[in-house]
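Written out below as structure tokens is the structure these notes cover.
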Amino acid sequence: MSEAEHIYIKSLTDKIKENPNVIENYRELTNICVSNRDYDSALSVYNKMLEFFPDDAQALINSGSIYFYKKDFEKAISLYLKAASIEPDNAMIYYNLGNVYAEIGNFSNALRYYTNAIELGAVQGYVFSAIGILFQDNDDLENARVNYQKAVELEPLNGEYYVYLANVFQKEGDFEQAAQNYQKAVELNPNDARASLCLANTYASMDLYEKAFEYFENTLKIDENNYSACLCYAIALCDVENFEKAMELYRHAIEIDPTKPNAYILLANILINEQRYEEAIDLYKRTTCLPKEKLKLHVIYVFIANAYMLLDDTVNAISYYRKALREAPENNEVRLIYVEIMNAYIDKKISDKKAECEDVKGKARE
């Protein structure tokens, strides 16, 4: 914040103290606070403003929006409802209420307030898009699609709505319609990495790999450090057995975000197929040092154990199966594998001991 802005803020603060009945000073000061993202200061000014102008609907709406941003949903609802009692025909208040109830998972109230907003004239794409998201979050894809289509009709130049619509088609398994809508989104926003990546994944789902690779490359041109793009591109390359380039992408993904386990695991899986077991084990082990909430540790231990089995290193394999069982004692599959390997290990030990005894007896006879 510049020195001039500091001086101006102080002058507004002084003016409010001297004469708290001039509403324009509050509005100007809150505008500066919000533009600087100083929401706590903005709330403080709004609270002071509402002491003198308790029926100022805009102050109630704005402060409600800040509480919504701060995830104090109860306070946001209270302020929005008070604003609605003052301006019952203000459609944006009902839209905001719909957003709060959608955020806390109250489907019926969210839909009711979104509908109120439309009835009061908020026939805008963003309202129907919000309703579409509400239905999609509740697994009602048909109604989600209908509302996204309405949003597209109202605002045909908004690429985001095409992405939402395409997501529904993708979930419904209609990849052609999904591709068409993602394509439209890319045409409207050529630098939209998300739309480009979604289009690439859709083409890969349709086994149209040449087109898929074109849009994977396009996504990485837009954002060369797009972790998800690297992973999805590599997975598609594996489908056509281009493992060398896939491994390059997995390594790049690890460089982008070394805290995520996916790239390590997928790269290790390729190395397993290439019988490069020690390298794979090293990658699997590196994931065990990552935050536990980002992976299922028992699965990693099983991968490591399996790799040791492929190396005929039963001792280390048993050690990691045991670790897996400690992490997931209720997992019957891990327990079964562990018991089978232990039994086989014991049987081999017994067999080796018998052979050793027979060898000793044979030498004694000689």
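Contact check on Asp56 versus Arg27 returns a salt bridge, with a Lys/Arg side-chain nitrogen under 4.0 Å from an Asp/Glu carboxylate oxygen.
Each side chain to side chain donor-acceptor pair (under 3.5 Å) pair with one or both residues in residues 103-115, not counting sequence neighbours, appears once here: Asn99-Tyr114, Asn106-Ser108, Asn109-Arg112.
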Distance-only donor-acceptor pairs under 3.5 Å for side chains of residues 228-248, two or more places apart:
unit_1: Tyr233; atom_1: OH; unit_2: Glu217; atom_2: OE2; d: 2.7
unit_1: Tyr233; atom_1: OH; unit_2: Lys245; atom_2: NZ; d: 3.2
unit_1: Asp239; atom_1: OD2; unit_2: Tyr209; atom_2: OH; d: 3.3
unit_1: Asn242; atom_1: OD1; unit_2: Lys245; atom_2: N; d: 3.3
unit_1: Lys245; atom_1: NZ; unit_2: Glu217; atom_2: OE2; d: 3.0

Less than 3.5 Å apart, which donor and acceptor atoms pair up between the side chains of residues 69-79 and the rest of the protein, not counting sequence neighbours?
unit_1: Lys70; atom_1: NZ; unit_2: Asp40; atom_2: OD1; d: 2.8
unit_1: Asp72; atom_1: OD1; unit_2: Lys75; atom_2: N; d: 3.3

Let me check something: any side-chain donor-acceptor pairs from residues 298-309 under 3.5 Å, sequence neighbours excluded? List them with distances.
unit_1: Asn306; atom_1: OD1; unit_2: Tyr321; atom_2: OH; d: 2.5
unit_1: Asn306; atom_1: ND2; unit_2: Val302; atom_2: O; d: 3.3
unit_1: Tyr308; atom_1: OH; unit_2: Lys285; atom_2: NZ; d: 2.9

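The two residues Leu141 and Val168 make their nearest non-hydrogen contact at O-CG1, 3.6 Å. Between Arg286 and Ile254, the shortest heavy-atom distance links the atoms NH2-CG2, 4.2 Å. The minimum heavy-atom distance between Ser196 and Ile222, with the atom names listed, is CB-CD1, 4.3 Å. Minimum interatomic distance between Asn167 and Cys198 (heavy atoms only, all atoms of both residues): OD1-SG, 4.4 Å. When all heavy atoms of Pro258 and Leu290 are compared, the closest pair comes out as O-CD2, 3.3 Å. Nearest approach of Thr287 to Pro261, heavy atoms of both residues: CG2-O, 4.1 Å.
In terms of modelled atom types and a separation under 3.5 Å, the side chain of Tyr227 and the main chain of Ala263 share a donor-acceptor contact. In this structure, the side chain of Asn36 engages the main chain of Ile32 through a donor-acceptor pair within 3.5 Å. Distance alone, capped at 3.5 Å, places no donor-acceptor pair between the Ser129 side chain and the Gly125 backbone. Looking at Asp257, its side chain never comes within 3.5 Å of a backbone N or O of Ala253 through a donor-acceptor pair. Counting only distance, with no hydrogens or angles, the side chain of Asp223 and the backbone of Asn225 share a donor-acceptor pair below 3.5 Å. Of the possible polar contacts, one joining the Tyr80 side chain to the Ser65 backbone as a donor-acceptor pair under 3.5 Å is found. Distance alone, capped at 3.5 Å, is enough to place a donor-acceptor pair between the Tyr94 side chain and the Pro88 backbone.
Residues Arg251 and Leu267 form a side-chain contact, since some pair of their non-hydrogen atoms from C-beta on lies under 4.5 Å apart. Considering only heavy atoms from C-beta on, Phe128 stays 4.5 Å or farther from Tyr161 through its side chain. The shortest side-chain heavy-atom distance between Glu28 and Tyr8 falls under the 4.5 Å cut-off. With a 4.5 Å cut-off on side-chain heavy atoms, Asn269 and Tyr284 count as touching. When side chains are defined from C-beta on, Val127 does not count as touching Asn147, because their heavy atoms never get closer than 4.5 Å.
The side chain to side chain donor-acceptor pair (under 3.5 Å) check on Glu172 picks up Arg145, with sequence neighbours excluded. Under the side chain to side chain donor-acceptor pair (under 3.5 Å) criterion, Tyr164 pairs with Glu160, not counting sequence neighbours. In this structure, Glu176 has no salt bridge (charged side-chain N to carboxylate O under 4.0 Å, His left out) partners at least two apart in sequence or on a different chain. By the salt bridge (charged side-chain N to carboxylate O under 4.0 Å, His left out) test, Lys10 is found to be paired with Asp14, residues two or more places apart in sequence or in another chain being considered. Applying the side-chain contact (heavy atoms from CB on, under 4.5 Å) rule to Ser41 yields the partners Cys33, Asp38; only residues at least two apart in sequence or on another chain are considered. With sequence neighbours excluded, no residue forms a salt bridge (charged side-chain N to carboxylate O under 4.0 Å, His left out) with Asp192. For Glu255, there are no salt bridge (charged side-chain N to carboxylate O under 4.0 Å, His left out) partners, not counting sequence neighbours.
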Yes or no on side-chain hydrogen bond (donor to acceptor under 3.5 Å, both in side chains) for Asp140 and Gln136, after CA distance, side-chain angles and deciding distance?
CA-CA 5 Å; Asp140 186 342; Gln136 188 169 345; over 6 Å; no
Please walk me through it: do Leu197 and Asn201 pass side-chain contact (heavy atoms from CB on, under 4.5 Å)?
CA-CA 6 Å; Leu197 177 55; Asn201 284 329; 3.8 Å; yes
Please test Ile265 against Leu283 for side-chain contact (heavy atoms from CB on, under 4.5 Å), starting from the C-alpha separation and ending with a verdict.
CA-CA 7 Å; Ile265 295 167; Leu283 285 165; over 6 Å; no
Apply side-chain contact (heavy atoms from CB on, under 4.5 Å) to Ile270 and Tyr250, showing your working.
CA-CA 10 Å; Ile270 293 179; Tyr250 286 138; 3.6 Å; yes
Ring pair (Phe, Tyr, Trp, His ring centres under 6.0 Å) evaluation trace for Tyr162 with Tyr148:
CA-CA 8 Å; Tyr162 290 96; Tyr148 290 144; over 10 Å; no
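Taking hydrophobic clusters as Ile, Leu, Val, Met, Phe, Trp and Tyr residues chained together by side-chain heavy-atom distances below 4.5 Å, Ile86 does not share a cluster with Ile61.
In this structure, CG on Leu297 lies 6.5 Å from OG1 on Thr288, to the nearest 0.5 angstrom. Taking CG from Leu111 and CG from Leu134, the interatomic distance works out to 6.0 Å, rounded to the nearest 0.5 Å. Remark: Leu165 CG to Asn181 CG distance equals 4.0 Å, nearest 0.5 Å.
Through side-chain heavy atoms spaced under 4.5 Å, either directly or across other Ile, Leu, Val, Met, Phe, Trp or Tyr residues, Met206 is tied to Val163, Phe175, Tyr182, Val186, Leu199, Tyr203, Leu208, Tyr215.
Because its NZ or CZ atom is not both nearer than 6.0 Å to the ring centre of Tyr26 and within 45° of the ring axis, Lys48 does not count as a cation-pi partner of that residue.
Using modelled atom types, one finds a donor on one side chain and an acceptor on the other under 3.5 Å when comparing Asn90 with Glu87. Checked by atom type, the side-chain pair Glu214/Asn218 shows no donor-acceptor distance below 3.5 Å.
No more than 12 heavy-atom neighbours from other residues, nucleotides or ligands sit within 6.0 angstrom of CD on Glu210.
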